2 protein chains.
Amino acid sequence: MARTADPDRVARMRDRIMSGAADVFAMRGFEGASVADVARAAEVSPATVFYYFGDKATLFRSLFEQDIPKAEALVARYADADDAVRAIVDVVESLAKDATDPRAPALLIELLRRTGRDPELLDVVRRSASVIHEGLTTLIERGLESGQIDASLDARETASWLQSVVDAAYLNARPGHCPAPALRRTVLRYLAPENRGGP
Amino acid sequence: MARTADPDRVARMRDRIMSGAADVFAMRGFEGASVADVARAAEVSPATVFYYFGDKATLFRSLFEQDIPKAEALVARYADADDAVRAIVDVVESLAKDATDPRAPALLIELLRRTGRDPELLDVVRRSASVIHEGLTTLIERGLESGQIDASLDARETASWLQSVVDAAYLNARPGHCPAPALRRTVLRYLAPENRGGP
DNA sequence: GTCTATATTTAGATAGAC
DNA sequence: GTCTATCTAAATATAGAC
């Protein structure tokens, strides 16, 4: 067909394959999903998938490369927030919001798993995770200075813990059940100083 | 060698293979681990592994079958506790204690993953998870009655959430880092009534 | 660029000797 | 009971036509 590289058409084809890949990887897992399955879902031949992505690991990784700019945008949005604790809760809830996609838990699991085995994937994940981690750490430090957050907490460790809690909320997300209220309560109470009587 | 079925020897052999399997499954994942790898780790032949476990899925599942009696014992130990909140914290910390095993995070992920694909494994997991869930629910109800726990919380939902938080401790587990303090703080503050000044 | 057809590799599982 | 040897199936990746 088109002899010339049409960037738009290339992008559309990549999206189509990646969308099929998200379905299939979520349903069957990385190893359980064959490239033939992905090709069928995208209504192309297996060779076409390899033509666009080179190999299966690269196809999988490409699903998460979009997370880096998304993380950067999220952190930037709250960088200048006045109310640090409120900003932290908003960031955490934004992260958890993606869990509404029914494929999200399964894909997160595949991601965590593959991360230990694919160094390039690890790099992608580390980049987006550390953007979030830095963003949260900054907000926590601000809350510590203003006295909004319990002075006995370490900013970086607390940021890691909050990220883990978000991940756990994802993993246990069940259809028709929103984790946001429990998550919000958890974060607010975890951060609060105990000077007003607390437990 | 021994012509007669010696239950003790059988148990030792099973343990030896399962120990190797835990290493290999944690390191390479379920699909990534070949039975040949497990056999090598246990210093037997692949055929011996199949002789004892039938197939790879059964071998994997057997790693988690021991969790059911362990869960029952844990719940029983705190069934008659006077201080409900203290008992809840103890149960949760006991659950998280296994996270110190460096293989634990990887195995948890494999477990969650395989659960959606192996109905028999799902059954095993459900059994031990529901033992814990029932135990926690009972303790939470007791804390609600005594006013130790915030009356606005639903016992069953809170039990589920606490189980998620334990998962978070697993996910956050890194060598040389103890999750207990963050976990304890999270649980205590989540449960506390807000009548004394709250968040 | 997209396909069909296939080469290659690998791993789960079994047969049968000892 | 444990081994060696092997069968079989499946999937990644490529070659080459169109």
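Below, read A as the first sequence line, B as the second, and so on, with proteins coming before strands; counting in each chain starts at 1. The structure displayed is predicted, hence computed values, not measured ones.
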The side chain of A:R9 lies closest to which of these nucleotides: C:dT2, D:dC3, D:dG1?
->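 Of the candidates, C:dT2 comes closest.
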Is B:R156 paired with B:E134 through a side-chain N to carboxylate O contact shorter than 4.0 Å?
-> yes
Using a strict 4.0 Å threshold on nitrogen-to-oxygen distance, state whether B:R113 and B:E31 make a salt bridge.
-> yes
Nearest-angstrom distance from the residue atom [atom1] of [X] to [atom2] of [N]:
{"X": "A:R28", "N": "D:dA10", "atom1": "CZ", "atom2": "C1'", "value": "13 Å"}
{"X": "B:D8", "N": "D:dG1", "atom1": "CG", "atom2": "P", "value": "13 Å"}
{"X": "A:F53", "N": "D:dT12", "atom1": "CZ", "atom2": "P", "value": "15 Å"}
{"X": "B:L59", "N": "C:dA11", "atom1": "CG", "atom2": "C1'", "value": "15 Å"}
{"X": "A:D6", "N": "C:dT2", "atom1": "CG", "atom2": "P", "value": "11 Å"}
{"X": "B:R14", "N": "D:dT2", "atom1": "CZ", "atom2": "C1'", "value": "17 Å"}
{"X": "B:F60", "N": "C:dG12", "atom1": "CZ", "atom2": "P", "value": "14 Å"}
{"X": "A:E31", "N": "D:dT12", "atom1": "CD", "atom2": "C1'", "value": "13 Å"}

When rounded to the nearest 0.5 angstrom, what distance separates CD in B:E110 from CZ in B:R103?
->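 Here the interatomic distance stands at 13.5 Å.
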Using a heavy-atom cut-off of under 4.0 Å over every strand shown, decide if B:A33 touches base, sugar-phosphate, or nothing.
-> sugar-phosphate
Can you see if the side chain of [X] gets near the phosphate of [N] - specifically, an N or O under 4.0 Å from OP1 or OP2?
{"X": "B:S34", "N": "C:dA11", "answer": "no"}
{"X": "A:T48", "N": "C:dT2", "answer": "no"}
{"X": "A:Y51", "N": "D:dA13", "answer": "no"}

State, without any angle test, whether A:S164 and B:N172 hold a side-chain donor-acceptor pair at a distance under 3.5 Å.
->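 Yes, because at least one side-chain N or O of A:S164 sits under 3.5 Å from a partner of the opposite role on B:N172.
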What is the ring orientation for A:W161 with A:Y190, classed by angle as parallel under 30°, tilted 30 to 60°, or perpendicular over 60°?
-> tilted
List the protein contact pattern of nucleotides 13-18 of chain C with one symbol per nucleotide (5' to 3'): B for base contact, S for sugar-phosphate-only contact, - for none; contact means a heavy-atom distance under 4.0 Å.
-> BBB---
Taking B:K97 for the side chain and B:A180 for the main chain, is one N or O donor matched with an acceptor at less than 3.5 Å?
->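 No.
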Could you point out which residue of A:L122, A:L121, A:L111 forms a side chain to side chain contact (heavy atoms under 4.5 Å, CB included) with A:R61?
-> A:L121
